[in-house]
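Worksheet: one structure, shown below.
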Amino acid sequence: MTLKILKTFKYFLEAVFVLTLFILFKLLGHKISSEVGCFLFKQIGFLFRSNSKILSNIKNVYPNLENKDKEKIVEDMWCNYGRTFSEYMFLNQLNQNSSYIKIINPEKFLELKNENKPILFFSGHFANFELMAMQIYKAGFDIHALYRPLNNYFLDPLMLYLRKKYICPNQIPKAIPGRGKEGTKTLLSKIKEGKHLAIMVDQKVSQGLVVDFFNKPSLTISIPATLSLKHNYLLVPVRLKRFDKYFFKFVIDEPLKISSNDNEKSILLKMNKKIEEILLDNPNQWIWTHSRWKL
């Protein structure tokens, strides 16, 4: 009981801190808040995520990288994380003003619509990852986005509200032990209906298949492979890169090529290879804090 009370108190203090920052950001405006978020996260990020874990993750991808280059990746990661955090207060502005997000190959959206198949759009936590589902939904795809509920039950309703209002109204919570199975039931019903889905596939998961990620075994979410093999879903990678601090470039990649010889593991390996490609193209804007290789 004491531990539960301490955890509740901790979550409450975190929520007060976050809400205070959100109010401050709203008062400061988009660009100043982005700079404040960048500076703040570079100063205090290590208090919330282990620096040794981040460096270990970087070593898994870049085993021979010099320390100064590792430090640069960490610094840029926290800066991007801080900018992304501040942008939750300006999602409507980012949604309404098309100058912030440039779609490099918008013709791909029309090509995908002409496929007349259900689509799973997948990516990882790059740049402001929330904006990818926003752009897909704005392009006319009635997607259902899978998200991981926050551990902090004071903040989770706020984040869900922001996602539904400004990013994509159809949000499905991933199943988490002890948090109910409503999300799983909703997901299964949407799959039966052939609805488009969007999911991040780069985080650590508690269930899945062990598949190599940068030549190291990693527990990988198996939903994409199941959808491809059993429900004829197209698996479409998308990517986002921040530039000039406040602006983004969004790219829709070619669907993964799936053959009759593929099985679940081979499909997931193709998916992981695509995430590797996106990461290597943009390592300073990936969130390196997750235990991606922990089995």
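One is the number of the first residue; the rest follow in order along the sequence. Excluded from the calculations below are hydrogen atoms, water molecules and symmetry mates; all remaining heavy atoms, backbone and side chain alike, are included.
Below 30°, between 30° and 60°, or above 60°: for Phe109 and Phe141 the angle between ring planes is between 30° and 60°, a tilted geometry. Using a 30° and 60° split on the angle between ring planes, Phe25 and Phe22 fall in the tilted class, from 30° to 60°. Below 30°, between 30° and 60°, or above 60°: for Tyr246 and His30 the angle between ring planes is above 60°, a perpendicular geometry. In this pair, Phe41 and Trp78 present their aromatic rings tilted. The plane angle is within the 30 to 60° band.
Under the 3.5 Å distance criterion, the side-chain polar atoms of Asn97 are matched with a main-chain donor or acceptor of Ser99. Side-chain atoms of Gln203 do not come within 3.5 Å of backbone N or O of Met200 as any donor-acceptor pair. Using modelled atom types, no side-chain atom of Lys195 and backbone atom of Pro118 make a donor-acceptor pair closer than 3.5 Å. With hydrogens and angles disregarded, a donor-acceptor distance shorter than 3.5 Å links the side chain of Arg292 to the backbone of Asp202. With Gln285 contributing its side chain and Phe126 its backbone, the two residues share no donor-acceptor pair below 3.5 Å.
Taking 4.0 Å as the cut-off between side-chain N and carboxylate O, Asp212 and Lys273 do not count as a salt-bridged pair. Salt-bridge check for Glu111 with Lys108: passed, with a basic side-chain N closer than 4.0 Å to an acidic carboxylate O. Classification of Lys68 and Glu71 as a salt-bridged pair fails, no side-chain N sitting under 4.0 Å from a carboxylate O. The pair Glu87-Arg242 counts as a salt bridge, with a side-chain nitrogen and a carboxylate oxygen less than 4.0 angstrom apart.
With Phe248 as the aromatic partner, Lys102 does not meet the cation-pi criteria of under 6.0 angstrom to the ring centre and within 45 degrees of the ring axis.
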Check against side-chain hydrogen bond (donor to acceptor under 3.5 Å, both in side chains), Ser218 and Asn272: CA-CA 10 Å; Ser218 174; Asn272 277 357; 5.5 Å; no
Test side-chain hydrogen bond (donor to acceptor under 3.5 Å, both in side chains) applied to Glu130 and Tyr147, step by step: CA-CA 10 Å; Glu130 301 279 18; Tyr147 76 97; over 6 Å; no
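For Asn80 and Asn284, the side-chain atoms include no donor-acceptor pair closer than 3.5 Å. Side-chain polar atoms of Tyr153 and Thr8 form a donor-acceptor pair below 3.5 angstrom.
For CD of Glu193, the number of neighbouring non-hydrogen atoms (other residues, nucleotides, ligands) closer than 6.0 Å is greater than 12. Other residues, nucleotides and ligands contribute over 12 non-hydrogen atoms within 6.0 Å of the CZ atom of Phe247.
Counting only residues at least two apart or in different chains, disulfide (SG to SG under 2.5 Å) contacts with residues 47-145 comprise Cys38-Cys79.
Looking at Tyr62 and Ile73, their side chains come closer than 4.5 Å, going by heavy atoms from C-beta outward.
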